[in-house]
Amino acid sequence: MDLNISGRRALVTGADSGIGLATARRLLAEGATVVMTDVGQERLDTAAIQLDAPEGKLHAFAADITSTESVQALAEHVLAAVGGIDILVQSAGIHGPAGLFHDISEADWQHTLDVNLMGQVRVLQAFLPQLRDGGWGRIVFVSSEDAVQPYDDELPYCAAKAGVLSLAKGLSRSYAAEGLLVNTVSPAFIATPMTDDMMDRRAQQLGTDRDGAIASFLPEERPFIELGRRGTADEAAAVIAFLCSDLASYVNGANYRVDGGSVATI
Ligand code: NAD
């Protein structure tokens, strides 16, 4: 299936790891020019080499999405390198603190919201002029199952991701008439460094290894993932790439779950 995005220019945040990296790979394979960004240049360059892209098709600029200056500088680099973007995928994020409400400090709340919600706002503020420039655009936010099915041991993350969902839905009304469509992908339990860390912490608590932690986490904590396994970053990237494509031309303000059925409601 041709996604018809050859020649489109895409910025992917959180692109040196997990879902962001898989999305960068997928968009490159579809012929898009991709700009990867993440917090550290060294890791980004290593990831870029791994993608082995044709000359001129891949760029990698580091930026910290908690810093307005850093994100503004990124927008200038992107403009100079590729002349602007048509596609924005916001995958950067952190899990934030684990624990019940009474164990979580205000500083932890602020940091989690700053990366996961305000980070996405900052990136969009910097890139909206470029996205509105061409009369065709796609924005895909990466939210989470937690946005609609909050777990009480990760509330800052849940609240930030619910904010992302609301932001995306609202934005989908603002620029659709200009051809700029906004959607959200909400994954659950995808095998990336983020869930590796979660499972390693659980393994330590239970005195088992990562596989043991996953085997008990699924029935105990994510009982509706009937597939009985973690998803892969490629499975999330495939849906993101579709929403970035020409094929999704009548999809706007939607939230696509890539969660193996984890969210219990319709
Ligand atoms: P990951 O940890 O592999 O990737 C996240 C990336 O975000 C990292 O490369 C990290 O460096 C980057 N990042 C963090 N803080 C940053 C900052 N201040 N500036 C720039 N970049 C920053 O995790 P992932 O699982 O690929 O997560 C991708 C997205 O998917 C995240 O938004 C996450 O919340 C969401 N998500 C993941 C899962 C899952 O099961 N893995 C489930 C639901 C939602």
Side-chain angles (χ1 to χ4, degrees), residues 11-26 35-48 50 60-71 73-74 88-98 110-123 126 140-151 154 156-165 167-168 184-200 202 214 217-218 221-222 225 227 229-237 239-240 255-260 262-263:
L11 175 70
V12 182
T13 75
D16 78 21
S17 176
I19 295 169
L21 178 58
T23 301
R25 183 182 291 112
R26 172 69 70 149
V35 182
M36 306 168 72
T37 186
D38 209 300
V39 74
Q41 190 67 48
E42 207 173 310
R43 276 183 42 150
L44 205 49
D45 289 341
T46 307
Q50 209 184 310
F61 301 119
D64 179 348
I65 63 168
T66 64
S67 156
T68 306
E69 294 70 33
S70 182
V71 171
L74 173 68
L88 172 61
V89 178
Q90 297 230 46
S91 188
I94 56 170
H95 186 262
Q110 282 193 335
H111 183 59
T112 308
L113 291 166
D114 198 29
V115 177
N116 288 350
L117 179 57
M118 285 310 298
Q120 305 218 11
V121 170
R122 278 183 202 99
V123 171
V140 180
F141 290 93
V142 181
S143 180
S144 169
E145 62 159 338
D146 296 38
V148 297
Q149 180 164 273
Y151 299 99
E154 46 191 38
Y157 182 82
C158 299
K161 292 297 187 180
V164 168
L165 216 51
L167 170 68
T184 308
V185 167
S186 290
F189 209 34
I190 305 293
T192 68
M194 186 179 282
T195 54
D196 284 351
D197 285 351
M198 281 169 65
M199 289 304 104
D200 289 347
R202 181 178 172 88
I214 293 169
F217 182 79
L218 278 162
E221 306 289 340
R222 296 295 184 273
I225 303 183
L227 287 83
R229 62 170 175 86
R230 289 198 287 179
T232 67
D234 284 342
E235 288 174 315
V239 178
I240 294 171
N255 176 38
Y256 274 47
R257 296 172 180 167
V258 186
D259 68 0
S262 187
V263 171

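Basis for what follows: all heavy atoms, side chains included, without hydrogens, waters or symmetry-related copies. Start at 1 and go down the list; that is how both ligands and their atoms are numbered. Quick caveat, the model's predicted, so the values are computed rather than measured.
Taking every heavy atom of Val142 and a limit of under 4.0 angstrom, the matching atoms of ligand 1 come to 29 (C), 30 (O), 35 (C). Close contacts of ligand 1 with Asp64, meaning ligand atoms under 4.0 Å from a residue heavy atom, involve 17 (C), 18 (N), 19 (N). Here is the list of ligand 1 atoms found below 4.0 Å of a heavy atom in Asp16: 9 (O). In the vicinity of Gly18, heavy-atom distances shorter than 4.0 Å reach the ligand 1 atoms 3 (O), 26 (O). Residue Tyr157 has at least one heavy-atom neighbour below 4.0 Å for each of these atoms of ligand 1: 33 (C), 34 (O), 35 (C), 36 (N), 43 (C), 44 (C). Per-residue contacts place Ala63 under 4.0 angstrom from the following atoms of ligand 1 (heavy atoms of the residue considered): 19 (N), 20 (C). Listed by number with element, the atoms of ligand 1 under 4.0 Å from a non-hydrogen atom of Phe189 are 40 (O). The distance from ligand 1 to the heavy atoms of Ala92 drops below 4.0 Å at these ligand atoms: 7 (O), 21 (N), 22 (C), 32 (O).
Between Val263 and Glu145, the shortest heavy-atom contact is CG2-CB, 3.7 Å. Closest of all the heavy-atom pairs between Gly96 and Thr112 is CA-OG1, 3.7 Å.
With respect to Asp64 and Arg122, no salt bridge is recorded, no charged nitrogen being found less than 4.0 Å from a carboxylate O.
Contacts between Ile94 and ligand 1 below 4.0 angstrom, taking non-hydrogen atoms only, involve the side chain exclusively. Residue contacts with ligand 1 for Ala15 are absent, since no atom lies close enough (heavy atoms, distance under 4.0 Å). At a 4.0 Å heavy-atom cut-off, ligand 1 touches Ile65 through backbone and side chain alike. Only the side chain of Thr195 comes within 4.0 Å of ligand 1, judged by heavy-atom distances. When heavy-atom distances to ligand 1 are checked against a 4.0 Å cut-off, Lys161 comes that close only through its side chain, counted from C-beta outward.
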Tabulate below the donor-acceptor pairs under 3.5 Å that side-chain atoms of residues 37-44 make, not counting sequence neighbours, or state none.
{"unit_1": "Thr37", "atom_1": "OG1", "unit_2": "Phe61", "atom_2": "O", "d": "2.7"}
{"unit_1": "Asp38", "atom_1": "OD2", "unit_2": "Ala15", "atom_2": "N", "d": "3.2"}
{"unit_1": "Asp38", "atom_1": "OD2", "unit_2": "Asp16", "atom_2": "N", "d": "3.2"}
{"unit_1": "Gln41", "atom_1": "OE1", "unit_2": "Ala62", "atom_2": "N", "d": "2.8"}
{"unit_1": "Gln41", "atom_1": "NE2", "unit_2": "Asp45", "atom_2": "OD1", "d": "2.9"}
{"unit_1": "Gln41", "atom_1": "NE2", "unit_2": "Ala60", "atom_2": "O", "d": "2.9"}
{"unit_1": "Arg43", "atom_1": "NE", "unit_2": "Asp16", "atom_2": "OD2", "d": "3.3"}
{"unit_1": "Arg43", "atom_1": "NH2", "unit_2": "Asp16", "atom_2": "OD1", "d": "2.8"}

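No side-chain N or O of Thr232 forms a donor-acceptor pair with one of Asp234 less than 3.5 Å apart. Checking Ser186 against Asn255 by side-chain atom types alone, a donor-acceptor pair falls below 3.5 Å.
For ligand 1, one of its N or O atoms has an N or O atom of Ile19 under 3.5 Å away. Polar contact check, Gly20 against ligand 1: no nitrogen or oxygen pair lies under 3.5 Å apart.
Of the protein's heavy atoms, Ser91 O, 3.1 Å lies nearest to atom 31 (C) of ligand 1. Atom 6 (C) of ligand 1 has as its closest protein heavy atom Gly14 CA, 3.7 Å. Nearest to atom 39 (C) of ligand 1 among the protein's heavy atoms is Ile190 N, 3.6 Å. Among protein heavy atoms, the minimum distance from atom 3 (O) of ligand 1 is reached at Ser17 OG, 2.4 Å.
The backbone N or O of Ser262 sits less than 3.5 Å from a side-chain atom of Gln149, completing a donor-acceptor pair. In terms of modelled atom types and a separation under 3.5 Å, the side chain of Glu154 and the main chain of Tyr151 share no donor-acceptor contact. Looking at Ser143, its side chain does come within 3.5 Å of a backbone N or O of Lys161 through a donor-acceptor pair. Between the side chain of Gln90 and the main chain of Gln120, a donor-acceptor pair closer than 3.5 Å is present. Under a 3.5 Å cut-off, the side chain of Thr13 and the backbone N or O of Ala92 do form a donor-acceptor pair.
Nearest to atom 7 (O) of ligand 1 by heavy atom, out of Ser186, Gly93, Ser67, Pro187, is Gly93. Of the listed residues (Met194, His95, Met36), the one carrying the non-hydrogen atom nearest atom 27 (O) of ligand 1 is Met194. Taking each of Thr192, Asp259, Asp146 in turn, the one with a heavy atom nearest to atom 24 (P) of ligand 1 proves to be Thr192. Of the candidates Val39, Asp38, Leu21, Asp38 brings a heavy atom nearest to atom 11 (O) of ligand 1.
Every heavy atom of Gly119 sits 4.0 Å or more from the atoms of ligand 1.
With contacts defined as side-chain heavy-atom distances shorter than 4.5 Å, the pair Ile214/Arg230 qualifies.
Taking OG1 from Thr192 and CE from Met198, the interatomic distance works out to 9.5 Å, rounded to the nearest 0.5 Å.
The ring-ring contact (aromatic ring centres under 6.0 Å, His included) test applied to Phe189 returns Phe217, not counting sequence neighbours.
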